[in-house]
Protein chains: 2
Amino acid sequence: MEQEKETQHQNSEERLKEAARIEFMRKGYAAAKIRDIAKAADTNLALLNYYFRSKENLFQIVMAENVDKLFENILPVLNDSNTSLEVKLVLISKLYTKMLLDEPSLPIFVLNEIQTNPEGFGNQIRFNQNVMNSHYITQLAETDKDTDPIHHLITYLGMILFPFVMKPVMQATGAILPEKFTNMIKQREKLAPVWMMTLLNLPGLPSSNSVDV
Amino acid sequence: MEQEKETQHQNSEERLKEAARIEFMRKGYAAAKIRDIAKAADTNLALLNYYFRSKENLFQIVMAENVDKLFENILPVLNDSNTSLEVKLVLISKLYTKMLLDEPSLPIFVLNEIQTNPEGFGNQIRFNQNVMNSHYITQLAETDKDTDPIHHLITYLGMILFPFVMKPVMQATGAILPEKFTNMIKQREKLAPVWMMTLLNLPGLPSSNSVDV
DNA sequence: GTCTATAGAGGGATAGAC
DNA sequence: GTCTATCCCTCTATAGAC
């Protein structure tokens with residue numbers, strides 16, 4: 001019987017992992033200090049090393065979960081051969097917008113760590129395989145036979161992700177107030193699929209102005 | 001008479017600054033070591049501190065120049081009230097593509113440093129003012145009266161910049177070979193303006209299929 | 001499992017000779 | 001201006017008591 005497990009805090013190991021996730025994300029690997037992580041988790045250095053052996057190892061664990069997060073929910077959508085391209089576009093926008101509003105600094109963090117240390121990501125190849133061989137890619141290629149589907153993949157992902165990548169710039173320079181940002185994102189969640197359908201010369205969803213089904 | 005100034009290397013100060021730029025960009029601020037910077041510049045720690053007083057100060061100098069680089073060439077284009085929106089779109093694509101092919105890791109580096117330390121960039125506000133008050137923004141607003149021009153600003157910048165942001169991911173996962181990347185970018189340089197004109201419902205450039213002047 | 005204390009290495013900065 | 005040697009602090013990791 002492990003009844004009162006959720007009272008107050010989880011166990012030390014989970015608290016440490018969560019604190020690490022936050023600290024690494026905020027400062028980056030090199031600038032993050034395991035002393036601060038331990039303190040944020042309300043424990044100490046020795047315990048952190050007891051559970052995770054080293055800073056590097058703790059980082060790898062946290063990082064793998066972060067990368068998973070960026071793909072796990074989206075892959076089933078990309079590979080569903082029962083949905084139209086239009087529906088996929090809408091779902092992709094919804095899923096990423098939801099996730100990124102919850103974790104706005106995840107993209108830059110992940111991208112930067114890969115750029116500064118690409119060797120650590122050879123094992124993530126499977127994700128790529130799953131994306132590049134997906135039903136979504138096939139549909140893009142069939143819809144626009146003149147253009148490499150990777151262009152549309154990147155373009156659409158950029159429509160959704162790029163505002164989050166630019167968020168720090170927009171806010172540091174005062175281009176947009178913090179509260180307005182969420183508002184802008186909510187608008188884009190609807191606009192991005194429409195834009196993409198325009199680029200692909202698709203009629204749009206049945207619910208708006210198309211003909212059948 | 002300072003005739004033979006360009007022989008072999010520049011002076012130590014310039015070599016140090018250049019080495020710093022490379023090292024900071026590759027590793028990020030925290031992971032970069034001034035010992036390595038000094039070594040790469042073929043000199044030593046003491047001289048680096050003699051010229052720049054501290055790692056932090058050297059970084060600020062290099063960083064300011066990097067941010068400038070991202071704006072200096074583009075602002076005149078955005079503010080030229082004698083060019084059509086179509087022409088601006090083409091020029092923006094050309095300028096950024098050229099610059100980024102030369103400095104592919106600049107975007108993530110700058111974005112990450114801003115995300116991890118936003119306070120250091122309050123002084124860059126002037127750039128933002130210049131962009132948000134530009135002729136380009138006015139033209140976007142007039143062309144699509146229903147949409148906040150910041151959406152189109154972001155969308156178009158994303159079309160051009162986002163592939164560079166994703167470059168490390170695409171290459172680490174093997175989605176695209178290093179040589180193919182340049183090829184893909186060259187294609188996008190032409191495609192991006194066309195896509196954007198489609199989104200804005202513009203007829204296109206005179207040279208392609210439009211009517212007058 | 002959890003803690004205190006400390007070993008050990010690395011990196012930023014400076015002193016001082018030339 | 002340029003160098004060698006060194007100071008000193010910070011951070012990771014571990015030893016060892018409880």
Side-chain angles (χ1 to χ4, degrees), chain A residues 1-64 109 113 116-117 119-120, chain B residues 1-64 109 113 116-117 119-120:
Chain A
M1 299 303 175
E2 33 185 271
Q3 26 175 206
E4 295 297 312
K5 217 174 181 180
E6 295 295 322
T7 33
Q8 295 174 341
H9 318 316
Q10 315 98 311
N11 55 52
S12 302
E13 186 170 1
E14 277 307 311
R15 289 206 316 279
L16 280 165
K17 216 196 302 190
E18 178 59 16
R21 228 180 54 82
I22 294 170
E23 193 71 3
F24 282 136
M25 205 124 98
R26 224 190 305 259
K27 311 260 189 73
Y29 176 76
K33 294 165 233 175
I34 58 174
R35 273 183 165 80
D36 293 345
I37 293 174
K39 193 176 292 177
D42 240 311
T43 173
N44 59 64
L45 251 185
L47 200 59
L48 185 151
N49 277 299
Y50 169 75
Y51 280 120
F52 301 102
R53 287 197 350 265
S54 72
K55 177 185 180 182
E56 170 67 20
N57 192 49
L58 172 55
F59 177 73
Q60 294 295 346
I61 292 170
V62 167
M63 194 61 184
F109 170 67
E113 297 297 341
T116 54
N117 183 17
E119 306 81 31
Chain B
M1 302 302 175
E2 33 185 272
Q3 21 174 208
E4 294 298 310
K5 220 173 181 181
E6 296 295 322
T7 34
Q8 294 174 341
H9 318 318
Q10 316 97 313
N11 54 52
S12 302
E13 186 170 1
E14 278 307 311
R15 289 206 318 278
L16 280 166
K17 216 197 300 192
E18 179 58 14
R21 228 180 55 80
I22 294 169
E23 193 71 2
F24 281 135
M25 205 123 99
R26 222 188 309 257
K27 311 262 190 72
Y29 176 75
K33 295 166 234 175
I34 58 175
R35 275 183 163 79
D36 292 346
I37 293 173
K39 193 177 293 178
D42 240 312
T43 171
N44 59 64
L45 251 185
L47 200 59
L48 186 151
N49 278 299
Y50 169 76
Y51 280 121
F52 301 102
R53 288 197 351 266
S54 71
K55 178 185 181 182
E56 170 67 21
N57 192 49
L58 172 56
F59 177 73
Q60 293 297 347
I61 292 169
V62 167
M63 195 62 183
F109 169 67
E113 297 297 341
T116 53
N117 183 18
E119 306 80 32

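The analysis underlying the following values was restricted to heavy atoms, covering all of them including side chains, and did not include hydrogens, waters or symmetry mates. Numbers restart at 1 for each chain; the letters A, B, ... are given by sequence-line order, proteins then strands.
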Subject >> ring pair (Phe, Tyr, Trp, His ring centres under 6.0 Å) contacts in which one or both residues fall within residues 35-56 of chain A, not counting sequence neighbours >> reply: none
**OP:** Heavy atoms of chain B, cut-off under 4.0 Å: which first and last nucleotide of DNA chain C, 5' to 3', fall inside that, if you could look?
**Re:** C:dG11 to C:dA15
**OP:** Pick base, sugar-phosphate or nothing for A:Ala32, based on heavy-atom distances below 4.0 Å to the nucleic acid.
**Re:** sugar-phosphate
Subject >> Residue met sooner reading DNA chain D from 5', once B:Arg35 and B:Ser12 are mapped to nucleotides >> reply: B:Ser12
**OP:** Please report, rounded to the nearest Å, how far the P atom of D:dC11 is from the CD atom of A:Glu56.
**Re:** 18 Å
Original post:
Who are the salt bridge (Lys or Arg N to Asp or Glu O under 4.0 Å) partners of A:Glu13, not counting sequence neighbours?
Top reply: none
**OP:** Identify, with sequence neighbours excluded, every residue that meets ring-ring contact (aromatic ring centres under 6.0 Å, His included) alongside A:Tyr29.
**Re:** A:Phe24, A:Phe59
Original post:
Do the charged groups of B:Glu18 and B:Arg21 touch, with an N to O distance under 4.0 Å?
Top reply: yes
Subject >> Nucleic acid contacts - residues 43-51 of chain A versus DNA chain C, non-hydrogen atoms under 4.0 Å >> reply: A:Thr43, A:Asn44, A:Ala46, A:Leu47, A:Tyr50, A:Tyr51
Original post:
Which residues pass the side-chain hydrogen bond (donor to acceptor under 3.5 Å, both in side chains) test with A:Lys27, sequence neighbours left out?
Top reply: A:Glu23
Subject >> Atom-to-atom span, NZ of A:Lys55 to C1' of D:dT10 - whole angstrom >> reply: 12 Å
**OP:** Please identify each residue that fulfils side-chain hydrogen bond (donor to acceptor under 3.5 Å, both in side chains) with B:Gln60, with sequence neighbours left out.
**Re:** B:Glu56
Subject >> B:Asn49: side-chain contact (heavy atoms from CB on, under 4.5 Å) partners, not counting sequence neighbours >> reply: B:Ile34, B:Leu45
Subject >> Partner residues of A:Lys17 under the side-chain hydrogen bond (donor to acceptor under 3.5 Å, both in side chains) criterion, sequence neighbours left out >> reply: A:Glu65
